[in-house]
Amino acid sequence: MNYNILLKLFLFILLCNSCNDINTTKNQLKSSNYKAAIERVEILKKEINYPSDFSDAEFDLFNVNGFSFNRPSLPGASSLKYQFIVKITPENIHQWLDGYSEIRSDERLIKRVKNLINHRKGNWITYSKPKFYSRDNSDSSILILYKNESIIFKYVTLH
């Protein structure tokens, strides 16, 4: 067997896989592409860890390595930015806050929430004042709680 040819073939395949266009790896996932709440919930549940069930969701997810339904064959370094909002039941709020500490408000994040729900505002009406939380006092995982409405927005980044 000619190992030189096999090595060249392997390197060629590796090069082709690593040069995939970002759009063909489907590294962005948006809820605006799905009309039904049940479909949005099912899709988001496949991509995140969630401490309790939820009944509706909006999301804008970016993952350099793609998503569960379309992973590239050779994953690269991890980099992701997930932002999503979910409706939960009031008795499950504490599960979502486990490991988080309250922080001061951040208007930039409120703008992110508004941008995320802009196309379906009627589904996400809030009257309560939001409370802000972070995991380990970092900005890599932030949570916003609208307690009276049992709505949680979560922003997670990993570089």
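Heavy atoms only: backbone and side chains are in, while hydrogens, waters and symmetry mates are out.
D56 has no carboxylate O lying under 4.0 Å from a charged side-chain N of R120, or vice versa, which leaves the two without a salt bridge.
Between F153 and Y155, the ring-plane angle classifies as parallel under the 30° and 60° cut-offs. Classification of the F59-Y34 ring pair by plane angle, with boundaries at 30° and 60°, yields tilted.
Between E58 and N123, the side chains place no donor N or O within less than 3.5 Å of an acceptor N or O (distance only, hydrogens not considered). Between the side chains of N63 and Y82, at least one donor N or O lies within less than 3.5 Å of an accepting N or O. Between the side chains of T126 and E149, no donor-acceptor pair of N or O atoms lies under 3.5 Å. Between the side chains of K154 and Y133, no donor N or O sits under 3.5 Å from an acceptor N or O.
Both L61 and V41 are assigned to one and the same hydrophobic cluster, defined by single-linkage of ILVMFWY side chains at heavy-atom distances under 4.5 Å. Two different hydrophobic clusters hold L116 and L44 under the rule that ILVMFWY side chains link at heavy-atom gaps under 4.5 Å. Under the 4.5 Å side-chain heavy-atom criterion for ILVMFWY residues, no single connected hydrophobic cluster contains both I152 and L109.
Here the closest non-hydrogen pair linking F67 and Q28 is CE1-N, 3.5 Å.
Around NZ of K45, the count of heavy atoms belonging to other residues, nucleotides or ligands within 6.0 Å exceeds 12.
Here the side chains of N92 and Q95 are in contact, with some heavy-atom distance below 4.5 Å.
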